Amino acid sequence: MTGRAGAKFWVSHADHLRLKPIYDELNRREIEINQRIAAHHRGGEEVEAARLALDRTSESRIDSFNAKVDRLNSQNDILQAALEDLNRDIRAYNEDLERVGRLIR
């Protein structure tokens with residue numbers, strides 16, 4: 001079985017059956033978060049372009065721009081929390097794998 005950092009471990013069949021779905025779920029979540037991060041970066045680029053083109057004499061346009069920034073910041077907070085949750089779960093998986101497995105050198 002492979003640890004999240006790439007180390008290989010030998011585990012019993014029973015532990016493999018228990019750990020493999022966790023490993024697969026961690027991979028799925030990592031892919032999803034990476035996709036969300038890429039979309040968030042694109043959103044940041046759009047906000048930067050809007051900032052450069054912003055008509056600073058229009059209060060309604062400034063309010064609209066500020067709302068976009070607020071949404072982007074909120075999305076950033078959500079992504080940060082998702083990453084922290086994923087990293088916590090990866091650490092728990094690695095600890096479990098190291099506890100039940102034998103490192104293959």
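The shown structure was predicted, so the numbers you read here are calculated from the model rather than taken from an experiment.
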Undergrad: Under the salt bridge (Lys or Arg N to Asp or Glu O under 4.0 Å) rule, collect the residues that match up with Asp96, sequence neighbours excluded.
TA: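 Partners of Asp96 by the salt bridge (Lys or Arg N to Asp or Glu O under 4.0 Å) criterion, ordered by chain and then number, come out as Arg18, Arg99.
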Undergrad: For Val100 versus Leu19, what's the shortest heavy-atom pair and its separation?
TA: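 Looks like CG2-CD1, 3.9 Å.
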Undergrad: Identify the two heavy atoms, one from Val47 and one from Phe65, that lie closest to each other, and give their separation to 0.1 Å.
TA: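 Heavy-atom minimum between the residues: O-CE1, 3.4 Å.
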Undergrad: For atom CD of Glu48, decide whether the heavy atoms of other residues, nucleotides or ligands shown that lie under 6.0 angstrom number more than 12.
TA: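 Atom CD in Glu48 is crowded, with more than 12 foreign heavy atoms closer than 6.0 Å.
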Undergrad: Decide, yes or no, whether a salt bridge links Glu32 with Arg36 under the criterion of side-chain N to carboxylate O below 4.0 Å.
TA: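 Looking at Arg36 together with Glu32, the answer is yes, because their closest N to O distance falls below 4.0 Å.
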Undergrad: So, do Val69 and Asn73 sit near enough that their side-chain heavy atoms are less than 4.5 Å apart?
TA: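 Answer yes - side chains close enough.
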Undergrad: Can you measure from CZ (Arg91) to CG (Leu86) and round to the nearest 0.5 angstrom?
TA: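 Result: 9.5 Å between the selected atoms.
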Undergrad: Between Phe9 and Ile104, which heavy-atom pair has the shortest distance, and what is it?
TA: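 For Phe9 versus Ile104, the nearest heavy atoms are C-CD1, 3.8 Å.
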Undergrad: Quick check for you: to the nearest 0.5 Å, what is the distance between Leu83 atom CG and Glu30 atom CD?
TA: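 So the gap between those two atoms works out to 9.0 Å.
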Undergrad: Just how far is it from atom CG of Asn34 to atom CG of Leu79, taken to the nearest 0.5 Å?
TA: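 Rounded to the nearest 0.5 Å, the CG-CG separation comes out at 10.0 Å.
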Undergrad: Please round to the nearest 0.5 Å and tell me the distance separating atom CD of Gln80 and atom CD of Glu84.
TA: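 Here the interatomic distance stands at 4.5 Å.
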Undergrad: Please give me the minimum heavy-atom distance between Leu72 and His40, naming the atom from each residue.
TA: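 What the structure gives for the nearest pair is O-CE1, 3.1 Å.
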Undergrad: Return the CG to CG distance between Asn94 and Asn87, rounded to the nearest 0.5 Å.
TA: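 Reported value, rounded in 0.5 Å steps: 10.5 Å.
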Undergrad: Evaluate the salt bridge (charged side-chain N to carboxylate O under 4.0 Å, His left out) criterion for residues Glu25 and Arg28: first the C-alpha distance (whole Å), next the side-chain angles of each, then the deciding distance (0.1 Å), finally the verdict.
TA: CA-CA 5 Å; Glu25 177 63 13; Arg28 185 199 63 75; 2.6 Å; yes
Undergrad: Do you know which two heavy atoms are closest between Leu103 and Ala7, and how far apart they sit?
TA: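 Nearest heavy atoms, Leu103 then Ala7: CD1-CB, 3.9 Å.
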Undergrad: Considering only heavy atoms from C-beta outward, does the side chain of Met1 approach that of Asp15 to under 4.5 Å?
TA: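 Contact flag for Met1/Asp15 side chains = no.
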Undergrad: Which heavy atom of Arg29 sits nearest a heavy atom of Asp89, and at what distance?
TA: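 Heavy atoms of Arg29 and Asp89 come nearest at NH1-OD2, 2.7 Å.
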Undergrad: Measuring from atom CD1 of Ile33 to atom CG of Asp85, what distance do you get when rounded to the nearest 0.5 angstrom?
TA: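 CG of Asp85 is found 8.0 Å from CD1 of Ile33.
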